[in-house]
Amino acid sequence: MAVRVRFAPSPTGELHVGNARTALFNWLYARRNRGVFVLRIEDTDVERSEARYEGQLMQDLRWLGLDWEEGPDHLPDRGGAYGPYRQSERLALYQRYARELIAAGSAYYCFCSPDELEKDRRAAQAAGRQQIYSGKCRALPPAEAISRKEAGETASVRLRVPDEPLRFEDLVSGTVEFSPDVIGDPILLRSNGTAAYNYAVVIDDGLMQITHVIRGDDHISNTPRQMAVYHALARLPSPATDGCDWRLPQFAHLSTILGPDHTRLSKRHGVTSLAHFRERGILPEALANYLALLGWAPSGGDREIFSLPELVEAFSLEQVSRSPAIFDPVKLHWMNRHYLKQSDPERVLDLAIPIFRAAGQIGESPGEDLRRWLRGVVELLLPAVDDLSQLPEQARVIFEYDAAASIANDENQQVLAEPGARQVIEGFAEQAQQDEELTVERFRAALDHVKKTTRQKGKSLFQPVRIALTGSPSGRQLDRLVPLLEAGSRLELPKPVKSCRQRLMEFQQAWQR
RNA sequence: GGCGCUAUCGUCUAGGGGUUAGGACGUGAGAUUCUCAAUCUCAAAACCCGGGUUCGAUUCCCGGUAGCGCUACCA
């Protein structure tokens with residue numbers, strides 16, 4: 001049977017790395033086995049679901065590099081025979097099967113009020129008993145239940161769970177067994193007629209012919225409830241089943257991703273939504289690669305860099321680890337630096353431009369000249385950043401120059417107080433300012449000259465020059481930075497880039513005082 | 001409280017009845033005749049605890065502990 005897997009997020013917020021990893025593993029499994037990847041939207045929690053998140057969800061998944069054969073954005077004629085793919089549009093289905101289940105005696109109306117149940121729960125807790133539904137309405141004669149219901153009494157529908165252990169083979173965790181008396185009779189339909197999660201998933205997964213349920217291990221304890229639903233459905237007389245046999249899918253429960261403090265990863269841990277990573281200039285291939293290695297490793301385990309196709313090739317559920325993993329932004333950054341270096345410079349530039357713009361360093365639509373220059377800037381600065389959002393900070397040596405401030409800086413003062421510093425700067429300025437533009441040749445010649453006349457070299461030669469030119473004793477290669485400074489000074493920018501000549505002038509003036 | 005899942009360097013992990021317990025990130029040191037970064041080289045760094053099984057357990061079993069999850073008319 002062809003593999004069919006699904007990713008079923010709730011549109012209650014931005015897509016989170018934890019969920020993204022679940023989606024990725026499902027996708028990898030589908031692609032590896034030439035199966036079908038289904039996207040289903042679990043929006044039954046009307047209070048928290050928002051339509052706008054659905055579009056963002058799909059955008060985020062695509063950004064990561066994932067695609068799907070069936071989903072809410074697919075027209076009925078383009079595959080998607082198992083739709084609709086929004087739970088909110090499947091209500092009739094849930095209700096129909098609930099009726100069948102009641103007719104078959106596998107489910108029953110429950111007239112207990114939430115308050116009542118809450119009281120029972122508290123009593124059970126106080127007595128140290130299992131906090132599950134007491135089964136109060138279980139024994140109600142069906143005829144009585146129906147007439148009460150028809151008389152307008154509100155009722156939920158509960159599953160009658162048989163008294164037998166529920167066992168399954170988890171593809172990741174191995175054999176898992178639950179006793180029926182820890183689950184009680186779960187709610188199928190709420191009293192407002194909507195489906196509860198543990199019921200809706202089963203109807204959906206069953207009807208959609210899902211063969212492998214790959215999801216977070218927070219669902220492990222829900223699995224027996226869902227199994228009981230499958231079993232009840234499978235016992236339904238065949239005309240009622242839409243040709244679905246309600247066979248149990250295979251389950252694979254993925255370990256949780258934790259934050260550095262060992263608690264479940266959440267917004268408290270800072271940047272965790274895909275949208276946020278995208279804005280920060282994390283490359284999607286870096287994130288996908290990193291996420292794949294969180295909880296999965298190839299056999300052998302000594303390879304780190306995988307493209308999406310390579311992951312598909314290497315992926316298997318057997319190699320998925322059972323223990324929870326801590327999300328490590330430092331390693332993500334290492335991976336991102338790797339991919340940043342590998343990437344086509346034009347692509348990196350395209351991603352960097354909006355970031356420079358947001359920082360106010362460039363204007364609205366950069367022309368060809370500016371683009372070319374910016375490309376040089378990015379190339380020079382790239383090895384120094386973890387992600388693209390750090391570019392503007394690094395680029396301050398180009399876009400900003402404040403002689404007085406750099407002279408006042410403590411670190412700089414130490415360098416400037418060195419015996420040869422003044423001589424170096426004066427000598428360099430004199431040489432460098434001979435021409436209007438400081439070319440690389442001129443720059444090198446000037447340095448050479450100063451080196452000879454002052455007998456300073458290494459740090460004591462370069463650091464004062466750096467401070468005069470950029471305001472900082474350290475930074476990128478000077479002979480690459482200088483031409484960029486000069487070229488930048490000839491471009492239209494929101495705040496003009498100062499030329500080397502101007503910088504030296506301002507510096508010397510400020511230093512006199 | 002009950003039930004479940006998990007446990008190898010700080011972190012992600014490989015491995016598996018006998019190994020110098022491997023790799024990667026990070027950290028430290030060194031190299032690279034401009035610093036910083038990058039890069040390269042080297043180094044330090046781990047089998048949660050207690051029982052059992054066994055000639056031999058980090059590996060298998062049991063218990064403990066810890067972390068996490070579920071215990072909803074949330075998903």
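These values consider heavy atoms only, across backbone and side chains, with no hydrogens, waters or symmetry-generated copies.
- Shown here, U19(B) forms no base pair; nothing in the strands shown gives a Watson-Crick or G-U wobble contact with both key distances under 3.5 Å.
- His219(A) comes within contact range of at least one nucleobase, with a heavy-atom separation under 4.0 Å.
- Figure legend: Arg96(A) and Tyr94(A) shown without cation-pi pairing, the cationic atom not lying both under 6.0 angstrom from the six-membered ring centre and within 45 degrees of its axis.
- Contacts of Glu153(A) classified as salt bridge (Lys or Arg N to Asp or Glu O under 4.0 Å), with partners at least two apart in sequence or in another chain: Arg148(A).
- Summary of the strand contacts: Ile326(A) and Ile132(A) both lie near RNA chain B, and taking for each the nucleotide with the nearest heavy atom, the more 5' one is attributed to Ile326(A).
- Taking the ring axis of Tyr339(A) as reference, the NZ or CZ atom of Arg337(A) does not stay both within 45° of it and closer than 6.0 Å to the ring centre.
- Nucleotides G2(B) and C49(B) place their P atoms 26 Å apart, quoted to the nearest Å.
- Of the listed nucleotides (A14(B), A75(B), U11(B)), A75(B) has the atom at the smallest distance from the side chain of Glu42(A).
- Among the nucleotides C5(B), U71(B), G23(B), the one closest to the side chain of Asp217(A) is C5(B).
- Side chain to side chain, Tyr290(A) and Asp328(A) fail the donor-acceptor criterion of an N or O pair below 3.5 Å.
- Each of A75(B), G69(B), C25(B) was ranked by its minimum atom distance to the side chain of Ser221(A); first place goes to G69(B).
- Among the protein residues, Phe178(A) comes within range of the sugar-phosphate backbone only, with heavy atoms under 4.0 Å from sugar or phosphate atoms but none that close to a base.
- Nucleotides C36(B) and C68(B) are separated by 42 Å at their C1' atoms, to the nearest Å.
- For G69(B), its base never sits under 3.5 Å from the side chain of Thr256(A) at any donor and acceptor pair.
- By the 4.5 Å heavy-atom criterion applied to side chains, Tyr85(A) and Asp204(A) are not counted as neighbours.
- If you check A14(B), U6(B), A24(B) against the side chain of Ala297(A), the one that comes closest is A14(B).
- Distance, Ile257(A) CD1 to G69(B) P: 14 Å, rounded to whole Å.
- For A75(B), its base sits under 3.5 Å from the side chain of Asn222(A) at one donor and acceptor pair at least.
- As judged by a 4.0 angstrom heavy-atom cut-off over every strand, Ser255(A) is placed among residues making no nucleic acid contact.
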### Per-nucleotide protein contact string for nucleotides 32-40 of chain B, where B marks a base within reach and S marks sugar-phosphate only (heavy atoms under 4.0 Å, - for neither)
--BBBBSS-

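- Set against C3(B), C73(B), U11(B), the side chain of Val182(A) has C3(B) as its closest nucleotide.
- A donor-acceptor contact under 3.5 Å links the side chain of Ser191(A) to the base of C73(B).
- A14(B): no Watson-Crick or G-U partner with both key distances under 3.5 Å is found in any strand.
- Side-chain contact between Val330(A) and His333(A): absent, with no pair of heavy atoms (C-beta onward) separated by less than 4.5 Å.
- Taking the P atom of each, C9(B) and A45(B) are spaced 14 Å apart, rounded to whole Å.
- Comparing Ile220(A) and Trp296(A) by the nucleotide of RNA chain B whose heavy atom lies nearest to each, the residue mapping closer to the 5' end is Ile220(A).
- Ion pairing between a basic and an acidic side chain is recognised when a charged N comes within 4.0 Å of a carboxylate O; Arg280(A) and Asp386(A) show no such pairing.
- Closest contact between the side chain of Lys331(A) and the listed nucleotides U6(B), C68(B), G23(B) involves G23(B).
- Minimum atom distance to the side chain of Asp218(A) is reached by C70(B), of the listed C70(B), C73(B), U11(B).
- Checking G4(B), C12(B), C73(B) against every side-chain atom of Arg121(A), the shortest atom distance belongs to C73(B).
- The same atom, C1', is picked in U27(B) and in C70(B); the two are 39 Å apart, to the nearest Å.
- In this structure, of C25(B), A75(B), G23(B), it is G23(B) that holds the atom nearest to the side chain of Asp302(A).
- Regarding His253(A), its NE2 atom lies at a distance of 20 Å from the P atom of C3(B), rounded to whole Å.
- Look at CG on Asp115(A): it is 15 Å from P on A72(B), rounded to the nearest Å.
- For Arg476(A) and Glu379(A), the salt-bridge test fails: no basic side-chain N is under 4.0 Å from an acidic carboxylate O.
- Taking the six-membered ring where the residue is Trp, Phe277(A) and Phe327(A) present tilted rings, their angle falling between 30° and 60°.
- In this model, the phosphate group of G23(B) is not approached by any side-chain N or O of Arg303(A) to a distance below 4.0 Å at OP1 or OP2.
- Between U20(B) and A46(B), the distance separating the two C1' atoms is 15 Å to the nearest Å.
- Within 4.0 Å of Gly216(A), counting heavy atoms only, lies no atom of the nucleic acid at all.
- A perpendicular orientation is assigned to the rings of Phe428(A) and Phe443(A), their planes being inclined by more than 60° (bins at 30° and 60°).
- A straight line from CD of Glu304(A) to P of G22(B) spans 16 Å, rounded to a whole angstrom.
- Spacing between G1(B) and A38(B) at atom P, rounded to whole Å, works out to 48 Å.
- Across all strands, Cys110(A) comes closer than 4.0 Å to no nucleic acid atom at all (heavy-atom distances).
- Using a 4.0 Å heavy-atom distance criterion, Ser179(A) is classed as making no nucleic acid contact.
- Comparing A57(B) with G50(B), their P atoms sit 13 Å apart, to the nearest whole Å.
- Between C68(B), C73(B), U6(B), one nucleotide has an atom nearer to the side chain of Leu117(A) than all others, and that is C73(B).
- Spacing between C40(B) and C25(B) at atom P, rounded to whole Å, works out to 9 Å.
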